[in-house]
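The block underneath contains the structure these notes are about, expressed in structure tokens.
Just so we're clear, the structure is a prediction, and the values are computed from it rather than from any experiment. Computation of the quantities below employed the complete heavy-atom set of this structure, encompassing side-chain atoms and omitting hydrogens, waters and symmetry-equivalent molecules.
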Amino acid sequence: MQDSERLMHRAHKRYARAGSVRGNIGIDKNGQAVDPQYSTALEAGLKLQTRDQRLGANLAVFDIKKTNVLTASDTPGFSVAAGEVMEQAISFKRRPIPPAASSLNGHIN
């Protein structure tokens with residue numbers, strides 16, 4: 001068996017898209033209820049694993065966008081929907097061949 005066949009024994013791809021609506025609790029300085037928060041999240045990833053399951057890796061890319069994020073107003077005691085917040089991240093985890101009774105995991109954001 002070639003090394004590439006051993007390393008690529010199991011390769012799984014994944015893609016996910018999700019959306020949500022969350023009610024914001026608060027009122028603006030005019031006494032009106034604050035609009036709800038909306039969010040969308042995208043994720044794509046790849047998981048690799050050897051036949052003997054002693055070596056593996058996960059790679060994922062995230063893109064999260066939120067609108068109407070609630071924050072404090074300039075007027076004390078009131079809130080304001082602050083517009084848009086975005087977050088992008090790359091996550092990589094690898095599982096090396098460990099000594100008999102140990103393992104090592106890592107995560108980078």
Side-chain angles (χ1 to χ4, degrees):
M1 178 182 308
Q2 294 179 356
D3 285 342
S4 61
E5 291 174 345
R6 185 176 66 85
L7 288 176
M8 295 298 287
H9 172 65
R10 291 187 184 191
H12 301 280
K13 295 178 233 174
R14 71 177 185 275
Y15 174 79
R17 182 176 192 275
S20 68
V21 178
R22 182 180 130 199
N24 279 327
I25 299 173
I27 58 172
D28 64 18
K29 63 183 179 182
N30 298 319
Q32 302 296 313
V34 181
D35 290 336
Q37 175 180 296
Y38 297 92
S39 67
T40 57
L42 302 172
E43 177 185 350
L46 179 64
K47 179 179 180 179
L48 303 170
Q49 188 170 337
T50 60
R51 185 175 303 279
D52 61 8
Q53 298 183 4
R54 294 180 66 203
L55 180 62
N58 291 312
L59 175 65
V61 178
F62 303 90
D63 183 23
I64 301 168
K65 178 179 170 183
K66 296 179 182 180
T67 57
N68 291 333
V69 177
L70 200 59
T71 188
S73 171
D74 292 342
T75 306
F78 295 97
S79 302
V80 63
E84 186 173 282
V85 175
M86 295 174 61
E87 177 183 355
Q88 291 86 28
I90 296 173
S91 174
F92 176 74
K93 296 179 184 178
R94 121 183 131 96
R95 188 178 65 222
I97 301 171
S102 64
S103 66
L104 175 66
N105 291 312
H107 184 79
I108 298 172
N109 252 348

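Remark: the backbone N or O of K93 is not paired with any side-chain donor or acceptor of N58 at under 3.5 angstrom. Side chain of N24 to main chain of D35: a donor-acceptor pair is present (N/O by atom type, distance under 3.5 Å, no hydrogens or angles).
With hydrogens and angles left out, the side-chain atoms of D63 and Q88 include a donor and acceptor closer than 3.5 Å.
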Practice prompt. Show the numbers, then the answer: is there a side-chain contact (heavy atoms from CB on, under 4.5 Å) between H12 and R14?
Written response: CA-CA 7 Å; H12 301 280; R14 71 177 185 275; over 6 Å; no

Discussion item. Let's go through V80 and V34 carefully: what are the C-alpha distance in whole Å and the side-chain angles of both, what is the deciding distance for side-chain contact (heavy atoms from CB on, under 4.5 Å) to 0.1 Å, and is it a yes or a no?
Written reply: CA-CA 7 Å; V80 63; V34 181; over 6 Å; no

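The heavy-atom pair separating G23 from P36 by the smallest distance is CA-CB, 4.2 Å. Summarising the geometry of I25 relative to L70, their closest heavy-atom pair is O-CD2, 3.3 Å, with the distance given to 0.1 Å. Closest approach of T67 and E84 over heavy atoms only: CG2-OE1, 3.9 Å.
With rounding to the nearest 0.5 angstrom, the CE atom of M86 is 8.5 Å from the OG1 atom of T40.
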